[in-house]
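Data block below; observations after.
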Amino acid sequence: MILLTGGAGYIGSHMLLKLLESNHKVVVLDNLLNSSYESIKRVEALSNKQCIFVEGNIRDSECLNSIFNKYNIDAVLHFAGLKAVGESTEKPLLYFDNNISGSLQLLMSMQKYSVKKIVFSSSATVYGDPDELPISEECPMSMPTNPYGYTKMAVEQMLMQVVESDPTWSVATLRYFNPVGAHDSGMIGEDPNGTPNNLLPYIAQVAVGKRDKLFVYGNDYATYDGTGIRDYIHVMDLVEGHLSALDYIVNNLGYHVWNLGTGSGHSVLDMVKAFEKASNTNIPYQIVEKRAGDIASCYADATKAHQQLNWFAQRSIEDMMEDTWRWQSKNPDGYTN
Ligand code: NAD
Ligand code: UFG
């Protein structure tokens with residue numbers, strides 16, 4: 001049985017679907033801080049399978065211990081966390097408490113119950129502004145410029161040291177590039193609270209008329225059209241990468257790190273054009289000041305995951321856009337309708 005923390009969230013709900021479809025038994029632990037139980041219901045309807053849902057906090061050791069006590073957990077997929085970069089700069093302690101203390105509680109409960117396999121959701125943010133592109137796992141971590149990024153680096157280091165002290169652990173740290181898109185049913189997708197921080201959800205809300213226009217943060221970066229370049233990866237490719245990583249750590253002890261990206265970069269304006277095409281809408285935009293902390297370009301060298309996990313991202317930018325549009329147009333108010 002798998003413990004999936006954060007399984008009601010954007011990526012976690014897609015992971016849950018994939019796990020249930022692959023016949024895994026799953027316990028989801030989520031406090032619904034940034035998500036809704038509706039996502040779980042939809043995953044259960046789509047897969048025609050059930051999970052065990054526990055509404056609770058990863059910082060709550062009693063809750064964690066009761067899960068490990070009651071269910072025979074083989075491995076943990078750890079998605080729970082707060083992820084808004086801007087909010088983290090205003091409330092660093094909240095982020096340290098939730099993401100670092102929460103992960104620490106989880107690891108302590110795992111150790112108590114001798115569950116020693118974990119897949120952790122990290123981020124390309126740990127590379128900072130890289131010296132070289134594409135970014136391989138060999139690229140050193142650099143001190144993140146915001147508290148959210150710091151929590152990812154801190155948890156990665158905790159995991160590394162746990163493995164160093166006890167080599168019977170198996171840990172997969174997955175560094176995501178820019179997850180976008182939705183399941184192709186249009187039943188589950190990304191449902192941000194308030195104004196979206198990320199590019200694709202913002203564009204999608206402009207397309208359905210919830211926002212007037214997109215603000216493009218800077219057009220004088222050293223890139224082919226002056227706007228920022230990122231490695232956008234379809235959320236279904238991303239969760240398939242987790243299944244491969246899970247298989248790997250079942251058979252290989254130790255600490256492992258993989259980038260999950262496509263290896264290709266796209267600019268903000270590329271994304272606007274691709275979305276317009278897929279949705280047959282017009283996305284008005286205005287160029288504004290650069291956003292603090294943004295870098296010009298970030299894309300993965302995804303060879304290591306290909307070689308070791310036999311995984312690579314298969315879905316195109318067109319798929320990402322069509323699936324985002326299907327989800328957004330069917331659910332203009334997300335899970336609340
Ligand atoms: P999300 O906010 O949609 O999902 C996170 C889930 O964790 C939510 O359902 C939330 O309610 C839950 N949660 C938060 N704190 C919790 C706590 N203390 N106890 C129990 N549940 C808690 O975010 P997401 O986009 O699905 O991201 C999942 C993971 O991937 C996060 O760790 C995030 O930092 C990481 N990540 C995301 C991105 C991205 O762009 N979406 C990029 C890199 C890494
Ligand atoms: N952008 C805009 N307008 C917007 C939003 C974004 O122009 O309204 C631009 C940004 O400047 C950037 C690109 O679109 O050039 C992508 O921005 P996102 O906010 O979607 O993504 P980031 O690359 O900034 O950050 C994301 C996650 C982080 C994670 C990082 C690396 O939000 O949590 O990817 O994985 F750390």
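Just follow the structure's listing: the first ligand is 1, and inside any ligand the first atom is 1. Quick note: numbers below take in every heavy atom, side chains included, and nothing from hydrogens, waters or symmetry partners.
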[X] with [Y]: basic N within carboxylate O range, under 4.0 Å:
X    : Y    : answer
K41  : E38  : yes
E156 : K152 : no
E62  : K112 : no
R326 : D184 : no
E240 : R315 : yes

Is a donor from one side chain sitting under 3.5 angstrom from an acceptor on the other, for [X] and [Y]?
X    : Y    : result
N99  : T151 : yes
N146 : T89  : no
S279 : T281 : yes
R175 : Y127 : yes

Counterpart residues, ring pair (Phe, Tyr, Trp, His ring centres under 6.0 Å), relative to H256 (two or more places apart): Y248, W258
Qualifying residues under ring pair (Phe, Tyr, Trp, His ring centres under 6.0 Å), relative to Y95, sequence neighbours excluded: none
Closest non-hydrogen protein atom to [atom], residue and atom name please, with distance?
atom                    : answer
atom 40 (O) of ligand 1 : P179 CD, 3.4 Å
atom 4 (O) of ligand 1  : G9 CA, 3.5 Å
atom 28 (C) of ligand 1 : F79 O, 3.5 Å
atom 33 (C) of ligand 1 : Y148 OH, 3.7 Å
atom 3 (O) of ligand 1  : Y10 N, 2.8 Å
atom 19 (N) of ligand 1 : I58 N, 3.0 Å
atom 25 (O) of ligand 1 : K83 NZ, 2.8 Å
atom 10 (C) of ligand 1 : D30 OD1, 3.5 Å

Within the 4.0 Å heavy-atom shell around [X], which atoms of ligand 1 are there?
X    : answer
L32  : 11 (O)
N34  : 1 (P), 2 (O), 10 (C), 11 (O)
G6   : 6 (C), 7 (O)
S35  : 8 (C), 9 (O), 11 (O)
G56  : 19 (N), 20 (C)
S121 : 29 (C), 30 (O), 32 (O), 35 (C)

Taking the six-membered ring for Trp, are H266 and Y232 ring centroids under 6.0 Å apart? no
Is the closest N or O pair between [X] and ligand 1 shorter than 3.5 Å?
X    : value
N31  : yes
Y176 : no
A8   : no
S123 : no
I11  : yes

Which is closest to [atom] by heavy-atom distance: [options]?
atom                    : options                : result
atom 44 (C) of ligand 1 : S101, S122, A124, P201 : S122
atom 15 (N) of ligand 1 : N98, I40, L33, V155    : N98
atom 7 (O) of ligand 1  : G149, G102, A80        : A80

For the [atom1] atom on [X], are there more than 12 heavy atoms of other groups (residues, nucleotides or ligands in this structure) within a distance under 6.0 Å?
X    : atom1 : value
Q111 : CD    : no
K210 : NZ    : yes
N48  : CG    : no

Out of curiosity, is K152 lining ligand 1, as in a heavy atom under 4.0 Å away? yes
Tell me every residue that passes side-chain hydrogen bond (donor to acceptor under 3.5 Å, both in side chains) with S185, counting only those two or more places apart in sequence or in another chain. H183
Cation over ring face, R211 and Y202, 6.0 Å, 45°: yes
On the six-membered ring of Y221, is K290 placed so that its NZ or CZ lies under 6.0 angstrom from the centre and within 45° of the ring axis? yes
Counting heavy atoms only, which part of E190 comes closer than 4.0 Å to ligand 1: side chain, backbone, both or neither? neither
Once you restrict to heavy atoms under 4.0 Å, what part of N198 touches ligand 1? Side chain, backbone, both or neither. neither
For a quick check: using heavy atoms under 4.0 Å, what are the residues in contact with ligand 2, sorted by chain and number? S123, A124, T125, Y148, Y176, F177, N178, N197, N198, L199, L214, F215, V216, Y217, G228, R230, Y232, V268, R291, D294
